[in-house]
Structure formats: C-alpha cells, structure tokens
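This report refers to the structure that appears directly beneath it.
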Amino acid sequence: MATSTAEPTRRDMLYIATGAATAVATGAAIWPFIAQMNPDASTLALSSTELDIGAIPEGQIVTVKWRGKPVFVRHRTKKEIEEAENVQLSQLPDPQADSARVKKPEWLVVIGICTHLGCIPLGHQGAYDGWFCPCHGSVYDTSGRIRQGPAPRNLDVPDYAFLTDTKIKIG
Amino acid sequence: MSGPSTYVPKSAIGRWFESRLPVMGLMHSSFVVYPTPKNLNYWWTFGAILSFMLVAQIVTGVVLAMHYTPNTGLAFDSVEHIMRDVNWGWMIRYLHSNGASMFFLAVYIHIARGMYYGSYKAPREILWILGVVIFLLMMATAFMGYVLPWGQMSFWGATVITNLFTAIPFVGDAITTWLWGGYSVDNPTLNRFFSLHYLLPFMIVGVVGLHVWALHVVGQNNPAGVDIKDVEKDSVPFTPHATMKDSVGIALFLMLYCWFVFFVPNYLGDPDNYIVANPMLTPPHIVPEWYFLPFYAILRAIPSKLGGVIFMFGAIVMLVLLPWLDTSRVRSAVYRPVFKILFWVFIACVVGLGYLGSQPPEGGAVLAARILTAYYFIHFLVLLPLLGLFETPKPVPASIADAVLHGGAAEPAKA
Ligand code: HEM
Ligand code: FES
C-alpha cells in the first residue's frame with residue numbers, strides 16, 4: 001500500500017463508481033419484480049359503469065359493481081334527507097356537510113365498502129338508519145357518514161355524473 | 001456442542017465421500033450421538049412433531065396443487081373436484097386443512113413449553129427469535145392457503161386482513177392496491193397467493209434449518225433449566241433415546257390428527273367456506289380460523305383502526321422481546337413459584353381472548369376483550385420485568401443429574 005494521501009486515488013474513485021453502479025443496477029433489476037404486482041393494464045381498463053336510476057323507488061338502495069367494488073345508489077326519502085342535513089358537523093368523527101356529498105339531495109352515491117377493513121355494510125340498519133357494518137360494528141348515517149364504531153372515514157363518494165335526469169355514469 | 005465430528009465411515013466409499021462432503025458426519029453428530037439432557041419430558045417431543053407436520057403439509061400440499069386451479073372462476077369447483085372425483089382427494093384435502101390446525105396446535109404448545117421452562121433466556125435468544133420468525137411465516141402461509149378454496153370466508157377473510165395495511169399512514173392505500181394487484185381482492189390476488197402459498201413452506205424449511213442449527217450450538221434447555229455440565233452424567237445420546245421418545249410423541253399426536261381427519265373433518269372449519277365467494281355480500285359474522293382468534297380479538301378490542309393493527313402486531317413483538325423482558329436469572333418455572341402462577345394466568349388470558357375473538361363484538365364481549373388485551377401487554381411489559389426483581393426463587397439443582405436423582409430442589413448449591 002502506498003502512503004496515505006489527502007487526495008483520493010484513482011483506485012478509490014473506481015471502487016466507489018463500481019459500488020454505486022452495482023447498487024443502481026441492482027435496484028433497477030429489482031424494480032420490475034416489484035412493479036409487476038401493481039394493477040395490470042386490463043384491470044386499469046375497467047373504467048366506468050352506467051346505471052338507469054329511473055326505476056329505483058324512493059327509499060330503496062341499489063348496489064352496482066364498479067371496478068370490482070359495490071357502489072350504493074340510494075334514493076333518499078324526505079325524512080332521510082332532513083336527517084342527513086340537520087346534523088351538527090361538530091358531532092361527526094369525519095365532519096362533512098351532506099351537501100358536499102351529493103349532487104342532488106334525493107340521490108346518494110357512495111362506494112359500499114366500510115372504511116374500516118373493507119366489509120360491505122348492510123343498508124337501512126343501525127342507529128341512524130343508514131348502514132351498519134356487520135364485521136366490527138361501524139354505523140353510518142343516511143349520508144354515508146361514519147357515526148359510531150372503528151371506521152375512520154365516511155363512505156367514499158366515487159366520481160360520477162348525471163347523464164340525464166334518470167341516468168348516471170360512475171367513474 | 002456438536003463440535004468437530006468424530007464420525008468415521010465404515011466403508012471405503014463412505015470414507016471417500018465423507019472426505020469430500022461430510023454430510024453423514026453432520027447427521028451423525030446432530031441426530032445420533034448428540035447429547036440430550038436426560039430429564040426431558042414429553043413436552044420436548046413437540047419439535048419433532050412440528051417437523052413431521054411441516055413435511056405432512058408439504059407432501060399433501062404438492063399433491064393438492066396437482067389438481068387445484070388458482071382462478072376465481074374455477075378455484076371453488078376445483079376444490080370440489082378434489083373432494084368428489086380425485087382418487088383419495090377427500091382424504092388428502094382433509095389431511096391438509098386439518099393439518100394446518102394440528103400444526104398450529106403443536107406450535108402453540110411448543111411456544112408455551114418454551115415460556116414455562118424459560119427456554120428463551122440466554123444463550124437461546126436467537127434460537128427463540130428464529131422460532132418467532134417461523135411462527136410468522138406459518139401464519140402468512142396458512143392465511144394465504146385459506147384463501148385458495150375461494151369460499152365466502154376465504155374471500156372476506158382475505159379482504160379484512162389485506163385491508164389492515166390501509167391503516168398505514170400515507171402509503172397504506174398504495175401498498176394494499178399493490179398487494180391486491182387491483183382495487184379489491186380478485187383474480188390477481190388469488191394467483192399470487194397460490195404462488196406464495198407454495199413458496200413460503202420451503203422458506204419455513206430453511207428457517208427451521210437455522211433454528212435447529214442454533215439449537216445444536218447452545219444445546220437443549222430442559223425441565224430443570226440448568227445446562228449439561230457432565231455429558232456422562234447429565235445426558236443421553238439422541239439415538240436411540242430422543243429418536244424413540246419423539247416417535248412415541250408423533251404417534252400419539254397422529255391419533256388426534258387422524259381423529260379429526262376421519263371423524264370430524266369439518267369441525268374446525270367454517271361452514272360458510274362451502275359457499276362460493278361473493279364479492280357483493282359480506283357474511284353476517286366473519287371469523288378467522290381458530291388459530292388466529294386471540295390476535296383477532298386484540299385487533300377488534302382497540303377502538304381505532306391504526307391502533308388495532310399496531311396492538312395486533314405488537315402482541316407478536318412481545319414474543320420477540322421476551323428474552324429481555326423477563327429479568328429473572330432462573331429459567332425454569334419449576335423453581336419460580338410466582339412466575340408459575342402468572343404463566344397459567346397468561347395462558348388463561350390467551351384462551352379467553354381466543355374465545356372472545358369468536359364472538360360478535362357486542363356488549364360485554366368488547367369490554368372483556370379490552371381487559372384481556374390490557375392484561376396480555378401488562379404481563380410482558382410490567383409483570384415479567386418486575387417479577388425478576390422481587391420474586392424469591394426456590395433453590396435450583398446443581399446439575400441435571402441432581403435434579404433427576406434427588407427430585408430437584410432443596411439440594412444445597414455446591415461450589
Ligand atoms: C406450512 C405449511 C402449510 C400450511 C400451514 C398450509 C395451510 C393451508 C390451509 C389452511 C389451506 C386451506 C384448506 C381448506 O380450507 O381447504 C390450504 C390449502 C391449500 N394448500 Fe396449503 N399449507 C401448507 C403448505 C402447502 C404446500 C407446500 C403446498 C404446495 C403447493 C400447498 C398447497 C395448497 C393447495 C393447492 C391448497 C388449496 C386446496 C384446498 O383448499 O384444500 N400447501 N393450505
Ligand atoms: S370492516 Fe366494517 S367495521 Fe370493520
């Protein structure tokens with residue numbers, strides 16, 4: 001070994017460059033093996049679902065499948081709308097006004113997956129007459145907002161649009 | 001303890017081979033002349049029982065994989081096809097599904113044995129932690145195996161458990177989507193679970209190899225909790241003594257296993273899993289297999305999503321930390337009067353959690369689960385560290401030979 005100099009030698013430089021290149025190459029080689037597990041092109045292609053809501057009577061909930069998940073479309077009654085609108089936001093674990101969750105007050109469209117661990121809540125059940133999740137007891141109101149139990153968030157509202165008065169497109 | 005082998009093959013071919021790859025010598029020193037404490041009781045046969053169960057799961061599993069189809073449209077029917085059409089298919093499937101339960105029964109007894117006799121204490125910490133790693137791999141394997149028949153419990157169990165990852169702040173949703181390969185549990189999920197369900201048991205085989213290696217470096221613990229001091233007086237050779245005793249243990253265990261397989265093959269399973277998976281309908285009451293129930297009860301006892309997940313995994317972290325949480329220098333509960341009581345209270349606590357995990361989370365069950373969850377952690381984090389400081393142990397025998405010949409305690413410790 002030569003005497004130690006303050007200047008790094010050409011050999012040190014080569015060691016570092018080789019080590020760095022190996023690390024980058026290893027990372028680049030591993031990446032495809034991780035990324036292959038993400039949703040594939042055919043899964044991503046399942047984009048939107050259309051639904052004729054004209055046939056849903058007041059008070060009923062219809063469940064449709066969108067991207068492999070259930071979506072609840074609820075034709076709310078006057079009483080249900082009032083209950084949803086007249087809640088003090090400060091009483092809610094995840095405060096959100098009903099008006100921010102609907103496009104037309106009669107129609108509530110939410111993803112039917114409990115925000116706790118993914119079960120499908122049962123409609124017209126629980127203390128607030130919205131939904132009740134049988135898995136660990138989360139209770140949602142007529143706006144799909146969490147009121148009691150372990151779920152952290154309100155039921156999610158998907159992207160949707162009214163194509164006509166009786167037809168919606170989800171996604 | 002296994003030191004350099006003194007094994008000399010009898011034949012010339014044997015000697016030629018041994019000088020190139022000393023594998024026979026390794027077997028000889030590990031499983032023939034290896035000194036085992038002479039006071040081992042039947043609780044020490046569970047290691048051999050576990051090895052047997054691992055092989056049984058692999059053999060039955062590889063055979064099932066010859067007839068099973070990992071596709072959401074075909075999986076359920078292919079399992080029914082195994083049950084009805086494949087020669088002996090019903091038996092092989094029942095051996096595999098009940099085998100998983102028997103495997104867990106054995107591992108819980110094996111862990112409890114270690115806790116009672118203090119087998120996790122120095123110098124066996126690494127040995128113990130490798131055991132916890134095996135336990136984790138077993139849980140992952142069994143969880144993914146249970147998804148394969150694609151029944152209602154398969155699907156909803158998979159949904160609830162994979163959703164645990166959504167509790168992770170910021171990246172939780174991305175991780176869960178990555179695990180699923182989609183936006184819900186679906187065909188990509190089933191496919192990868194099958195692939196991993198095939199892989200993990202072989203990783204378990206690898207870790208078992210390390211576990212046995214670590215065991216043979218530090219030597220076996222025993223009911224007296226004192227090390228072998230005089231190989232002549234304190235130990236007997238592995239073969240025939242341990243080999244034969246282990247065989248008896250395996251035979252007795254097989255009787256229980258066969259009773260389940262041939263008389264009550266569906267007793268431990270959930271009838272809902274004979275209904276094909278329906279992603280649009282959650283069964284009214286989701287319960288995991290019995291061996292996950294205590295952890296499931298802890299998950300549900302905490303009234304916060306992230307908190308529940310943290311405590312559930314924390315329950316296993318307690319096992320990893322156990323060698324350092326127990327501050328007593330005496331290993332065996334035989335000489336620790338207070339610890340012995342706490343051990344049984346702890347076992348009752350875990351069994352109680354298991355029962356509560358099977359009940360719907362309503363009313364008194366929730367409160368009881370919270371109390372027992374608190375106790376579980378208090379046992380590890382408060383009672384064990386303090387007990388080592390305040391408990392007065394009974395006198396420990398000077399050697400294994402002493403423990404055997406004079407019934408253990410009361411021997412004045414000699415210099
Ligand atoms: C650590 C060892 C193993 C454990 C604990 C285990 C556990 C399980 C469990 C709990 C099931 C669900 C049984 C049911 O309810 O029907 C299952 C199914 C299955 N396992 Fe395993 N397994 C193990 C090893 C293996 C291996 C090595 C293979 C080889 C490929 C395998 C292949 C299968 C197949 C094809 C199924 C689906 C058929 C069925 O559901 O009966 N397993 N496993
Ligand atoms: S999944 Fe709905 S309460 Fe847990």
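Nothing here was measured: the structure is a model prediction, and the numbers come from that model. To find a chain, count down the sequence lines: A is the first, B the second, and so on, and within it residues start at 1.
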Distance from B/Leu164 atom CG to A/His116 atom NE2, nearest 0.5 Å?
8.0 Å
Can you say whether B/Thr166 sits under 4.5 Å from chain A via the side chain, the backbone, both, or neither, judging by heavy atoms?
side chain
So, for B/Pro283 and A/Pro134, which heavy atoms are closest and what is the spacing to 0.1 Å?
O-CG, 4.3 Å
Reported CD1-to-SG distance for the pair B/Ile286 and A/Cys133, which is rounded to 0.5 angstrom:
8.0 Å
Within this structure, what is the OH-CG distance for the pair B/Tyr183 and A/Leu44, rounded to the nearest 0.5 Å?
4.5 Å
Just wondering, more than 12 heavy atoms not from B/Tyr355 lying within 6.0 Å of its OH?
no
Over all heavy atoms of both residues, which pair between B/Thr177 and A/Pro39 is shortest? Give the atoms and the distance, please.
CG2-CG, 3.4 Å
Ranking B/Pro284, B/Ala174, B/Ala167 by heavy-atom pairs under 4.5 Å to chain A gives rank one to B/Pro284
Tell me, yes or no, whether the heavy-atom count around A/Lys167 atom NZ, taken from other residues, nucleotides or ligands under 6.0 Å, exceeds 12.
no
Rounded to the nearest 0.5 Å, what separates atom CZ in B/Arg192 from atom CD in A/Gln36?
6.5 Å
Counting distance only, does the side-chain N/O of B/Lys305 pair as donor-acceptor with the main-chain N or O of A/Thr115 below 3.5 Å?
yes
Given heavy-atom pairs under 4.5 angstrom as the criterion, report whether the side chain, backbone, both or neither of A/Val64 touches chain B.
backbone
Contact listing (chain A partner; residues 148-163 of chain B; heavy atom under 4.5 Å)
B/Trp156, B/Thr159, B/Val160, B/Asn163
B/Met203 atom CE: more than 12 heavy-atom contacts under 6.0 Å
no
Heavy-atom count around A/Tyr15 OH within 6.0 Å, excluding the residue itself: above 12?
no
Top contributor to chain B interface from A/Pro70, A/Pro121, A/Pro150 [non-hydrogen pairs under 4.5 Å]:
A/Pro70
Count the heavy atoms belonging to other residues, nucleotides or ligands that lie under 6.0 Å from NZ of A/Lys79, then report whether that count exceeds 12.
no
Heavy-atom contact with chain A under 4.5 Å, split by part of B/Leu299:
side chain
Flag if over 12 foreign heavy atoms under 6.0 Å of OH, A/Tyr160:
yes
Inspect the surroundings of CG in A/Asp12 and state if more than 12 heavy atoms from other residues, nucleotides or ligands are less than 6.0 Å away.
yes
Can you name the closest pair of heavy atoms from A/Lys65 and B/Pro279 and give their distance?
NZ-CG, 4.4 Å
Under a 4.5 Å heavy-atom cut-off, does chain A meet the side chain of B/Pro360, its backbone, both or neither?
neither
Main-chain N/O of A/Ile34 paired with B/Trp178 side-chain donor or acceptor, under 3.5 Å
yes
Can you tell which part of A/Leu122 gets under 4.5 Å to a heavy atom of chain B, answering side chain, backbone, both or neither?
neither
At what distance, to the nearest 0.5 angstrom, does CG of B/Asn278 lie from CD1 of A/Ile120?
7.5 Å
With a 6.0 Å cut-off (strictly less than), is the heavy-atom count around CD of A/Gln88, excluding the residue itself, greater than 12?
no
Could you tell me whether a side-chain N or O of B/Thr282 sits under 3.5 Å from a main-chain N or O of A/Cys119, the two making a donor and an acceptor?
no
